[in-house]
Amino acid sequence: MNSGNTETPSTGNLNASTPSGANGPSQAGDAAPGLVSFVGAGPGDPELLTLKGRKAIEEASLVLYAGSLVPPDVVACAAPGVPVVDSAPLTLAQCHDLVRRTALAGGPVARVHTGDPSLYGALREQARLLDQDGIPWRVIPGVTAACAAAAAAGVTFTVPEVTQSLIITRMEGRTPVPEREALHLLAAHGTSMAIYLSAGACENLQAELLAHTPPDTPVLCAYRVGWPDQRLIWATAGTLVHCVHEHGLVRQTVFLVLPGQNAADTASLLYAADFSHGYRQSGQD
């Protein structure tokens with residue numbers, strides 16, 4: 001275990017990064033650049049880290065992790081002596097400078113993101129800088145908070161004959177959302193929804209939902225899923241604000257809007273005795 005390696009670097013010399021592309025792999029002689037792995041850490045439970053993700057962390061010469069959202073226990077499997085750096089206080093340029101130096105010296109890097117890197121993970125801008133410097137990279141997927149919350153509560157997003165779609169979105173805040181993706185427009189579809197990064201705007205969230213969502217629609221408020229202080233609290237579209245305030249739900253809350261949760265019992269055709277498919281013929285054929 002390597003929990004003692006975790007550090008927050010001094011940022012005094014990181015702002016003076018060499019411009020991207022100014023120096024190539026020749027800095028390290030003939031060494032090929034190290035591979036940068038964007039690792040999805042999952043929602044917080046170290047046991048939800050994939051085997052592939054853990055291996056990337058174990059083999060890395062630098063582990064750079066989002067400490068505001070990723071628990072230190074997730075990156076404690078780093079090798080002894082390897083720098084394990086919290087990226088929370090750093091800028092994009094500072095993060096890239098650390099990654100670039102290690103990779104161009106031939107060392108593999110684990111860039112550890114909360115959940116899955118493809119969701120709200122700033123993946124494109126980091127990858128763009130790596131491409132400019134000729135540094136290879138890959139993405140190792142992780143368990144996103146919405147799926148972890150559904151698993152913890154034992155619920156399903158898709159219910160036969162009720163909803164077969166899941167919309168993942170967020171409320172507008174300091175980071176804008178395209179007008180065509182305003183929550184009330186998405187809610188009009190009546191599908192299951194997973195709403196991230198929106199606890200601080202719960203009043204607007206509830207108002208947007210109620211534009212098209214019945215007030216009694218079940219909403220699971222999942223706080224810090226996978227962390228020791230995880231809480232799963234049921235509300236409805238009409239009581240969401242009360243729930244947030246009553247329980248003090250703040251950052252790291254995902255809201256699951258589940259129109260199929262209280263629907264009448266239905267069953268998938270896949271296992272129906274009178275439904276034929278490529279692996280089974282029904283008794284009626």
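Within 6.0 Å of CD on E125 lie more than 12 heavy atoms contributed by other residues, nucleotides or ligands.
Within the 4.5 Å cutoff, the side chain of F38 has heavy atoms near those of the L130 side chain. Using a 4.5 Å heavy-atom threshold, the side chains of P46 and P71 count as separate. T91 has its side chain within reach of Q94: a pair of non-hydrogen atoms, C-beta onward, lies under 4.5 Å apart.
Q230 and R224 share no side-chain donor-acceptor pair at under 3.5 Å. Side-chain contact of R138 with S37: a donor-acceptor pair under 3.5 Å is present, judged by distance alone. In the model, H96 has no side-chain atom that pairs as donor or acceptor with a side-chain atom of Q132 under 3.5 Å. For W227 and D45, the side-chain atoms include no donor-acceptor pair closer than 3.5 Å.
Evaluation of the ring-ring contact (aromatic ring centres under 6.0 Å, His included) test over residues 161-219, restricted to residues two or more places apart or in two chains, returns Y120-Y196.
Shown here for L90 and C95, the closest heavy-atom pair between the two residues is CB-SG, 3.8 Å.
Apart from L209 itself, the hydrophobic cluster it occupies contains I167, M171, L183, L186, M193, I195, L205, V219, Y223, I233, L240, V244, L249, V250, F255, V257, where clustering links Ile, Leu, Val, Met, Phe, Trp and Tyr at side-chain heavy-atom distances under 4.5 Å.
For the side chain to side chain contact (heavy atoms under 4.5 Å, CB included) with Y65, the qualifying choice from D86, V74, I57 is D86, the only one to do so.
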N/O donor-acceptor pairs under 3.5 Å from side chains in residues 110-117, not counting sequence neighbours:
unit_1 : atom_1 : unit_2 : atom_2 : d
R111   : NE     : Q126   : OE1    : 3.0
R111   : NH1    : L64    : O      : 3.4
R111   : NH1    : S87    : OG     : 3.3
R111   : NH2    : S87    : OG     : 3.4
H113   : ND1    : G121   : O      : 3.1
H113   : NE2    : Q126   : NE2    : 3.3
D116   : OD1    : G142   : N      : 2.9
D116   : OD2    : S118   : N      : 2.8
D116   : OD2    : S118   : OG     : 2.4

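Between the OG1 atom of T158 and the CG atom of L258 there is a distance of 10.5 Å, given to the nearest 0.5 Å.
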